[in-house]
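Down below is the structure, laid out as structure tokens.
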Amino acid sequence: MNSLFYCSVKRSDMLNGFIEKLDQYSEEMSKPIYLIEKALGNEGKIEEYEYEDKIIILIPKQKILLVNLGKECAGFKDFTVDFVDDLEYLSKRYEYQKYLGRKRNWQDCIEMVQFEDIKDCEINKIMRDYRIPVQNERTIELLISLLIGSINDIDKIGVEVPETLLDKVKKKIVLFDGMQSKFIFEDFDKDIIVIQGLAGTGKTELLLHKLREIYVSERDSRIVFTCHNKVLAQDMVNRIPQFFNFMKVEEQIEWNKRLWVFSSWGSKNMPETGLYSYICQFYGLDFRRYSFTNTFDTVCQLAIEELTKKGSIEKCFDYIFIDESQDFTDNFLRLCKMVTKKRIYVAGDIFQNVFDTDIKKSVNSDLLLNKCYRTDPKTLMLAHSIGMGLYEKPVIRWLEDDEWEACGYLPQREDNKFLLKRMPLRRFEDIDSSGFMSIQIKAAEKEMIHEKVIECIDEIIRTNPTVEPHDVAIVLLGNNKTNYNIADTLCILIDEKYDWDSTKGYVSKVKERNKVFISNTNNIKGLEFPFVICIETGMISDDIRKRNSIYMILTRSFLASYFVVNSKNEQFIKIYEEAIKEINKNGYMELREPGEGEKIMQAEKIRIAAQNKRKSVEEMINEVCNEYPQLSAEERNDLQKIVPLRVVERTEDEVKLKTRRIIKAMLDEV
């Protein structure tokens, strides 16, 4: 399915051939095209048009085409007048007018066309005939964004064409692609809708838009948004009201009456703190705290058994939205289904990490989002190659052709070489990044790594004069004393040299404006920055956990990533410096395809390693904290900082024992 093409008009014998030509052109040219009958996503704000024999064609860099399917008549002319008035209303509603001006400034960007005049034309001819002047391209994209409901923050992006590369990316006008629009504006006749996508494909944003659509259109609905991570859940509590205000939702949010946002587990004494605890309270089930025998999967299974014994039950929610679904097992989804009246929306990574052994399952999801609009394609390719060891022998992880395709690649075989290409994206299509290094490896001795990081910041500032402190993230791989000391040193150096403030993400758990974000691996998930500096102070092995962390961190950037590594990793550095040169030169990966024996051997290693996957120190600490619901958020944050400094072997027993001792000491002091 072509994910760039969206069509919401009623198909007919007269239109089918023309629609197919547009769809084919969109796919071949990697160009978004939208066919609509009226503006999307404005329930009750824009009325249906009396004149039905028309379609609206929207294509970036082209005039908006109002196509008359019937004979030229007064009805079509009335429709065009109403359409322009509605577009002006939307411009005012979302505050675009202060940049676009009144309709007289942009009305010439709209063209009335008779279907008879274009139906047999080659699409290339239509593109030439209705090409917009370069100075109006940004205006057209803003008008299209209004019509497809892909509302941009006009104060941030502006209407003036940005000049620097950084500003071009930061102020890029975001337009939903066809697949994203389909999810938001079309109904699915299923109880569970599953979205799978790479990091950076906009899954959470889509959930927010769908949530808004339902909240506005179904005023008696009871909706839940949940995820495993408490930090992310709290972030959504703050983010949803901001999003509703931005999208001009006039209804007041009725917290804990129509809309609930909480993490998955919660506390027995505070049922509103988690979906599981709320379900237990609503149905009178036994609430079970975490223990070595009570994992979250186990307590969900026990809750299912209790509900089954009750027979027919009242559904406590109409809709449940689940983000980061890869963090959950099937039992959680089964439990959600039992208590949901209408529909569940599930969003997760196409593979929860580069070593997921069941990527084929993702291919069969309801919506597969494999076009990454955040990360530069060259960065994404190198991050995948490092994470999966694609340039090494043996490789660490290899995919089948359909799995590569599910991840947005076009696998090809030429002259005994395996080529992995990505389709060009509108996200970067009109940005001249030729010669620009979107990812670099920087080697340094362990004792000099902090100086190498400063060199990276110097380069960022030199090549991007408009950069701000919050545009930069520094992420250290691993929780150890060396890394925490480097973080402390960097805070001082950054303040002294640039007069910039910093925030330690592993302490604050938040990304702050006008502060460089310094973090460990565990607190970078879900965040994005123009520039990311990833630091590895030790040796890089084929450990799947570390490789996955590298992949995840490098793809947090939407302009450039720097990988600062200990210079002792000589072979690794040599391999991937050459890979960077190749990807920058060709725009794709040229690889050695492993033989079947190597594929089978490495797949078995991955399977065994995945089964024996170690928990992070943060996960171990959180599990212990769940045993003490009286702990405050501040105390939990303190533990995340203190415990890693007090343990040596970092085994689960040692971490949990140390955590319990510190908690008991903290509580005894109260």
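As the structure is a prediction and not an experimental result, all values here were calculated from the model. Residues: numbered from 1 along the sequence shown.
In this structure, the ring of Phe185 has its center no less than 6.0 angstrom from the ring center of His209. For Phe183 and Phe176, the ring centers sit 6.0 Å or farther from each other. Residues Tyr276 and Phe287 bring their aromatic ring centres within 6.0 Å. Close placement of the Phe244 and Tyr215 rings is indicated, their centers lying within 6.0 Å of each other.
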Kindly indicate, with the supporting measurements, whether the criterion side-chain contact (heavy atoms from CB on, under 4.5 Å) is fulfilled by Tyr628 and Glu635.
CA-CA 11 Å; Tyr628 301 88; Glu635 289 170 329; over 6 Å; no

Checking Phe262 against Phe225 for the side-chain contact (heavy atoms from CB on, under 4.5 Å) test, could you report, in this order, the C-alpha distance in whole Å, the side-chain angles of both residues, the deciding distance, and whether it holds?
CA-CA 7 Å; Phe262 35 42; Phe225 188 104; over 6 Å; no

Quick one: do Asn626 and Arg289 satisfy side-chain contact (heavy atoms from CB on, under 4.5 Å)? Show the steps, please.
CA-CA 7 Å; Asn626 289 335; Arg289 292 190 175 92; over 6 Å; no

Would Val532 and Tyr562 count as a side-chain contact (heavy atoms from CB on, under 4.5 Å) here? Give the steps.
CA-CA 6 Å; Val532 169; Tyr562 296 81; over 6 Å; no

Before giving the answer on side-chain hydrogen bond (donor to acceptor under 3.5 Å, both in side chains), spell out for Thr379 and Ser438 the whole-Å C-alpha distance, their side-chain angles and the decisive distance to 0.1 Å.
CA-CA 6 Å; Thr379 301; Ser438 68; 3.0 Å; yes

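Using a 4.0 Å cut-off between a side-chain N of Lys or Arg and a carboxylate O of Asp or Glu, Glu218 and Lys342 qualify as a salt bridge. Salt-bridge annotation for Glu250 and Arg212: absent, with no side-chain N of the basic residue lying under 4.0 Å from a carboxylate O of the acidic one. Using a 4.0 Å cut-off between charged nitrogen and carboxylate oxygen, Lys341 and Glu314 do not count as a salt-bridge pair. A salt bridge does not link Arg219 to Glu254: none of the charged nitrogens lies less than 4.0 Å from a carboxylate oxygen. Comment: Asp471 engages Lys170 in a salt bridge, judged by a side-chain N to carboxylate O separation of less than 4.0 angstrom.
The shortest distance between side-chain heavy atoms of Arg397 and Leu399 falls below 4.5 Å. Considering only heavy atoms from C-beta on, Cys316 comes within 4.5 Å of Tyr283 through its side chain. Contact annotation: the side chain of Val516 never approaches that of Thr503 to less than 4.5 Å [non-hydrogen atoms, C-beta and beyond]. Counting heavy atoms from C-beta outward, Thr298 and Arg288 have side chains that stay 4.5 Å or more apart. Side-chain contact between Ile662 and Leu639: present, with at least one pair of heavy atoms (C-beta onward) separated by less than 4.5 Å. Between Leu206 and Ile184 the shortest side-chain heavy-atom distance falls below 4.5 Å.
For the pairing with Ser549, the side chain to side chain contact (heavy atoms under 4.5 Å, CB included) check across Thr521, Leu554, Asn520 returns one residue only, Thr521. The side chain to side chain donor-acceptor pair (under 3.5 Å) with Glu272 is formed by just one residue from the set Trp260, Trp255, Tyr278; it is Trp260. Tested against Val224, the residues Val339, Ile322, Ile320 include a single side chain to side chain contact (heavy atoms under 4.5 Å, CB included) partner, Ile320. The one candidate from Arg660, Lys268, Lys656 that meets the salt bridge (charged side-chain N to carboxylate O under 4.0 Å, His left out) condition with Glu627 is Arg660.
The shortest non-hydrogen separation linking Ser267 to Pro629 is OG-CB, 3.6 Å. Across all non-hydrogen atoms, the minimal contact from Arg646 to Lys658 is O-CE, 3.6 Å. What you find for Ile386 and Arg547 is that their closest heavy atoms are O-NH1, 2.7 Å. The nearest pair of heavy atoms linking Tyr6 to Leu40 is CE2-CD1, 3.7 Å. Heavy atoms only, all atoms of each residue included: Pro271 and Gln281 are closest at CB-CB, 3.6 Å. Taking all atoms of both residues into account, the shortest heavy-atom contact from Lys504 to Cys491 is CE-SG, 3.7 Å.
Remark: the Gln640 side chain and the Asn622 side chain contain an N/O donor-acceptor pair separated by less than 3.5 Å. Looking only at atom types and distance, the side chain of Asp318 has no donor-acceptor partner in the side chain of Ser221 under 3.5 Å away. For the residue pair Ser264/Thr226, the side-chain donor-acceptor check at 3.5 Å is not satisfied. Between the side chains of Asp177 and Ser3, no donor-acceptor pair of N or O atoms lies under 3.5 Å.
His470 contributes no side-chain N or O that, together with a main-chain N or O of Arg513, makes up a donor-acceptor pair within less than 3.5 Å. With hydrogens and angles disregarded, no donor-acceptor distance shorter than 3.5 Å links the side chain of Asp376 to the backbone of Leu559. Checking side-chain atoms of Asn483 against main-chain N and O of Leu477 turns up a donor-acceptor pair under 3.5 Å. Checked by atom type and distance alone, the side chain of Gln242 never pairs as donor or acceptor with a backbone atom of Arg239 at under 3.5 Å. The main-chain N or O of Ala233 is never found under 3.5 Å from a side-chain atom of Ser263 such that the two would form a donor-acceptor pair. Checking side-chain atoms of Lys171 against main-chain N and O of Lys156 turns up no donor-acceptor pair under 3.5 Å. A distance-only check finds a donor-acceptor pair linking the side chain of Arg422 to the backbone of Cys407 [under 3.5 Å].
For NZ of Lys315, the number of neighbouring non-hydrogen atoms (other residues, nucleotides, ligands) closer than 6.0 Å is greater than 12. Shown here is Gln252, whose CD atom has no more than 12 heavy atoms of other residues, nucleotides or ligands within 6.0 Å.
Note that CG of Leu476 and CD1 of Ile535 are 4.0 Å apart. Values are rounded to the nearest 0.5 Å. Rounded to the nearest 0.5 Å, atoms CG (Asn548) and OH (Tyr551) are 7.5 Å apart. Atom-to-atom distance recorded for Gln630:CD and Met270:CE is 9.0 Å, nearest 0.5 angstrom. The distance from atom CD1 of Ile663 to atom SG of Cys625, rounded to the nearest 0.5 Å, is 4.5 Å. Atom CG of Leu275 and atom NE2 of His228 lie 13.0 Å apart (nearest 0.5 Å). Between Lys257 atom NZ and Ile223 atom CD1 the span is 14.0 Å, to the nearest 0.5 Å.
Phe332 is linked by a ring-ring contact (aromatic ring centres under 6.0 Å, His included) to Phe296, Phe328, counting only residues two or more places apart in sequence or in another chain. Residues that satisfy the salt bridge (Lys or Arg N to Asp or Glu O under 4.0 Å) test with Glu634, not counting sequence neighbours, are absent from this structure.
Relative to the ring axis of Tyr319, Arg343 does not place its NZ or CZ within 45° and under 6.0 Å from the centre. Relative to the ring axis of Phe529, Lys511 places its NZ or CZ within 45° and under 6.0 Å from the centre.
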